[in-house]
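Source: prediction; values computed, not measured. Reminder, nothing fancy here: chain letters follow the sequence lines and each chain counts from 1.
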2 protein chains.
Amino acid sequence: MTETKSTRPYKKVLDRLRAAGLRPTRQRLALAKLLFEGGDRHVTAEILHGEAQAASIRVSLATVYNTLHQFTAADLLREIVVDSQRSYFDTNMSDHHHFFHEKTNQLMDIPGDEIVVAQMPPPPPGTVVKRVDIVVRLDE
Amino acid sequence: MTETKSTRPYKKVLDRLRAAGLRPTRQRLALAKLLFEGGDRHVTAEILHGEAQAASIRVSLATVYNTLHQFTAADLLREIVVDSQRSYFDTNMSDHHHFFHEKTNQLMDIPGDEIVVAQMPPPPPGTVVKRVDIVVRLDE
DNA sequence: AAGAACCTTTTAACGATTCTAAACTAACTT
DNA sequence: AAGTTAGTTTAGAATCGTTAAAAGGTTCTT
Ligand SMILES: [Mn+2]
Ligand SMILES: [Mn+2]
Ligand SMILES: [Zn+2]
Ligand SMILES: [Zn+2]
């Protein structure tokens with residue numbers, strides 16, 4: 001019923017890259033497809049690289065890193081810090097927070113309206129708040 | 001007036017290590033002194049190792065890492081995740097959150113009562129909340 | 001003082017990430 | 001269409017923070 005796949009499926013991501021001022025190279029198109037078609041995702045460079053391999057897309061790990069950072073700079077992704085050893089990239093750009101299951105390394109979204117921060121101190125003089133990140137760490 | 005330094009200054013940290021069931025070795029005593037005498041601190045392994053060197057305490061970086069993890073396991077420290085490339089350890093064990101200045105890598109405490117989280121979704125079934133970490137990222 | 005348990009050190013290894021420099025390719029100009 | 005240019009990708013090496021292994025040293029209990 002809800003058939004969204006197509007045999008000429010690059011139109012959407014192509015427009016997205018163009019809008020971001022990024023050249024639509026094979027690698028960027030393929031990675032963008034993996035990232036942006038399939039709902040909200042939280043990936044590491046390794047995970048995305050693995051998915052590319054699995055889909056027979058030849059792309060180096062260095063390019064995956066470059067692309068993730070470029071997409072982040074272009075506000076197509078955001079970088080989430082939950083693990084002091086690995087970077088996660090999030091395709092969900094809406095205002096939201098995260099559950100992080102430390103055993104499985106799974107990140108889950110908490111919609112922005114499900115957490116209410118009623119009070120917050122002002123930032124120190126000479127600084128401005130860039131973002132407020134809430135991570136609910138889970139066990140068991 | 002408020003002279004807290006002494007010429008026989010190991011009593012306090014000694015008791016602290018004993019209470020935690022950790023053998024009071026030279027290295028642990030020295031690191032505990034650096035960590036716990038001087039107010040609330042946020043250190044990386046490198047920073048603490050550097051301070052030890054500066055104080056002519058001979059201790060290897062591996063021991064600094066071991067000690068930080070042992071102190072954390074003994075609830076003398078907590079590990080803070082703000083940077084996906086480096087671990088910070090916090091001597092402030094009270095309920096609190098953090099400002100993180102991304103330009104300078106400085107961590108500053110936000111007392112627990114200055115942030116009010118009014119609403120929070122329940123953890124997914126089969127999981128339990130271990131901790132809620134709020135990081136206010138600062139710019140400029 | 002002796003034995004056992006525990007701890008520290010050095011060195012090597014590790015995984016994640018970044019860098020380098022050459023090869024390639026998309027985009028622009030003619 | 002061909003040539004030019006700037007931007008991109010790549011393999012491989014390098015770097016960084018951190019951990020592991022092995023060997024020797026320290027502390028605790030008796
Ligand atoms: Mn990064
Ligand atoms: Mn750790
Ligand atoms: Zn998310
Ligand atoms: Zn703190």
Side-chain angles (χ1 to χ4, degrees), chain A residues 10 13-34 42-53 56-74 76-77 79-89 105 107, chain B residues 10 13-34 42-53 55-74 76-77 79-89 102 105 107:
Chain A
Y10 284 93
V13 290
L14 216 176
D15 291 346
R16 219 163 160 171
L17 293 187
R18 287 223 178 92
L22 294 165
R23 279 195 189 173
T25 65
R26 297 186 196 302
Q27 293 83 344
R28 284 181 184 154
L29 283 167
L31 295 176
K33 237 167 97 58
L34 288 173
H42 303 97
V43 302
T44 63
E46 287 287 349
I47 289 172
L48 185 60
H49 185 238
E51 292 183 1
Q53 312 268 67
S56 302
I57 299 157
R58 279 191 312 286
V59 59
S60 70
L61 186 54
T63 295
V64 173
Y65 275 105
N66 287 340
T67 302
L68 288 171
H69 285 134
Q70 290 155 351
F71 284 10
T72 300
L76 300 177
L77 291 178
E79 197 172 347
I80 307 285
V81 180
V82 282
D83 180 325
S84 59
Q85 241 71 195
R86 208 181 314 277
S87 278
Y88 285 80
F89 294 85
N105 280 10
L107 263 179
Chain B
Y10 284 93
V13 290
L14 216 176
D15 291 345
R16 216 158 164 175
L17 293 187
R18 288 222 177 93
L22 294 165
R23 282 193 186 174
T25 65
R26 297 186 197 300
Q27 293 84 340
R28 284 180 184 157
L29 283 168
L31 294 175
K33 238 167 98 59
L34 289 174
H42 304 96
V43 301
T44 63
E46 287 287 349
I47 290 171
L48 185 59
H49 186 238
E51 292 183 2
Q53 313 268 67
S56 303
I57 298 157
R58 279 192 311 285
V59 59
S60 71
L61 185 55
T63 294
V64 173
Y65 275 106
N66 288 339
T67 301
L68 288 171
H69 285 135
Q70 290 153 352
F71 285 9
T72 300
L76 301 177
L77 292 178
E79 197 171 348
I80 307 285
V81 180
V82 282
D83 180 324
S84 59
Q85 241 70 197
R86 208 180 310 279
S87 279
Y88 285 79
F89 293 85
E102 303 201 327
N105 281 10
L107 264 178

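- Listed for the A:His49 side chain is a donor-acceptor partner under 3.5 Å among the backbone atoms of A:Val59.
- Taking CG from B:Leu29 and CZ from B:Arg16, the interatomic distance works out to 12.5 Å, rounded to the nearest 0.5 Å.
- In this structure, A:Thr63 reaches the D:dT10 phosphate: one of its side-chain N or O atoms is under 4.0 Å from OP1 or OP2.
- Contact check, B:Thr44 against D:dG17: no side-chain N or O comes under 4.0 Å of OP1 or OP2.
- Between A:Arg26 atom CZ and A:Thr63 atom OG1 the span is 13.5 Å, to the nearest 0.5 Å.
- In this structure, the separation between CG on A:Asp83 and OH on A:Tyr88 is 5.5 Å, given to the nearest 0.5 Å.
- In this entry the distance linking CD1 of B:Ile47 with P of D:dG17 reads 11 Å, nearest Å.
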With B for base contact, S for sugar-phosphate-only contact and - for none (protein heavy atoms under 4.0 Å), nucleotides 22-30 of chain C reads ----BS---

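- Spacing between atom CD of A:Gln70 and atom P of D:dG7 amounts to 12 Å, rounded to whole angstrom units.
- In this structure, A:Asp83 places its CG atom 15 Å from P of C:dG15, rounding to the nearest Å.
- Rounded to whole Å, atom P of C:dT17 lies 6 Å from atom CD of B:Gln85.
- Look at CD on A:Glu79: it is 12 Å from C1' on C:dA16, rounded to the nearest Å.
- Contact annotation: B:His69 reaches the phosphate of D:dT19 (side-chain N/O to OP1 or OP2, under 4.0 Å).
- For the atom pair OG1 of A:Thr67 and CG of A:Leu22, the computed distance is 9.0 Å after rounding to the nearest 0.5 Å.
- Across every non-hydrogen atom of B:Ala30 and B:Tyr10, the tightest pair is N-CE2, 4.4 Å.
- The shortest side-chain heavy-atom distance between B:Phe71 and B:Leu17 falls under the 4.5 Å cut-off.
- The CG-C1' distance, from A:Asn66 to C:dC19, rounds to 10 Å in whole Å.
- Each end of the helix from C:dA1-D:dT30 to C:dT30-D:dA1 gets its own axis from five base pairs, and the two axes differ in direction by 30°, given to 10 degrees.
- If you measure from atom NE2 of A:His49 to atom C1' of C:dG15, you get 15 Å, rounded to the nearest angstrom.
- Phosphate contact (OP1/OP2 of C:dA16, side-chain N/O of B:Ser84, threshold under 4.0 Å): absent.
- Between A:Ile57 atom CD1 and D:dT10 atom C1' the separation is 17 Å, expressed in whole Å.
- Sequence order on DNA chain D of the closest nucleotides to B:Tyr88 and A:Leu61 puts A:Leu61 first from the 5' end.
- Comparing atom distances between the B:Arg86 side chain and each of C:dT8, D:dT18, D:dG17 picks out D:dG17 as nearest.
- Between C:dT17, D:dT18, C:dT9, one nucleotide has an atom nearer to the side chain of A:Ala45 than all others, and that is C:dT17.
- Not counting sequence neighbours, the partners of B:Gln70 by the side-chain hydrogen bond (donor to acceptor under 3.5 Å, both in side chains) test are B:Arg28.
- Residues A:Arg86 and A:Asn105 form a side-chain contact, since some pair of their non-hydrogen atoms from C-beta on lies under 4.5 Å apart.
- In this structure, of D:dG17, D:dT10, C:dT17, it is D:dT10 that holds the atom nearest to the side chain of A:Gln27.
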Apply the test side chain to side chain contact (heavy atoms under 4.5 Å, CB included) to residues B:Glu46 and B:Leu61: give CA-CA distance (whole Å), side-chain angles for both, the deciding distance (0.1 Å), then the verdict. CA-CA 8 Å; B:Glu46 287 287 349; B:Leu61 185 55; 3.8 Å; yes

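- Between A:Tyr65 and B:Val59, the one whose closest nucleotide on DNA chain C sits nearer the 5' end is B:Val59.
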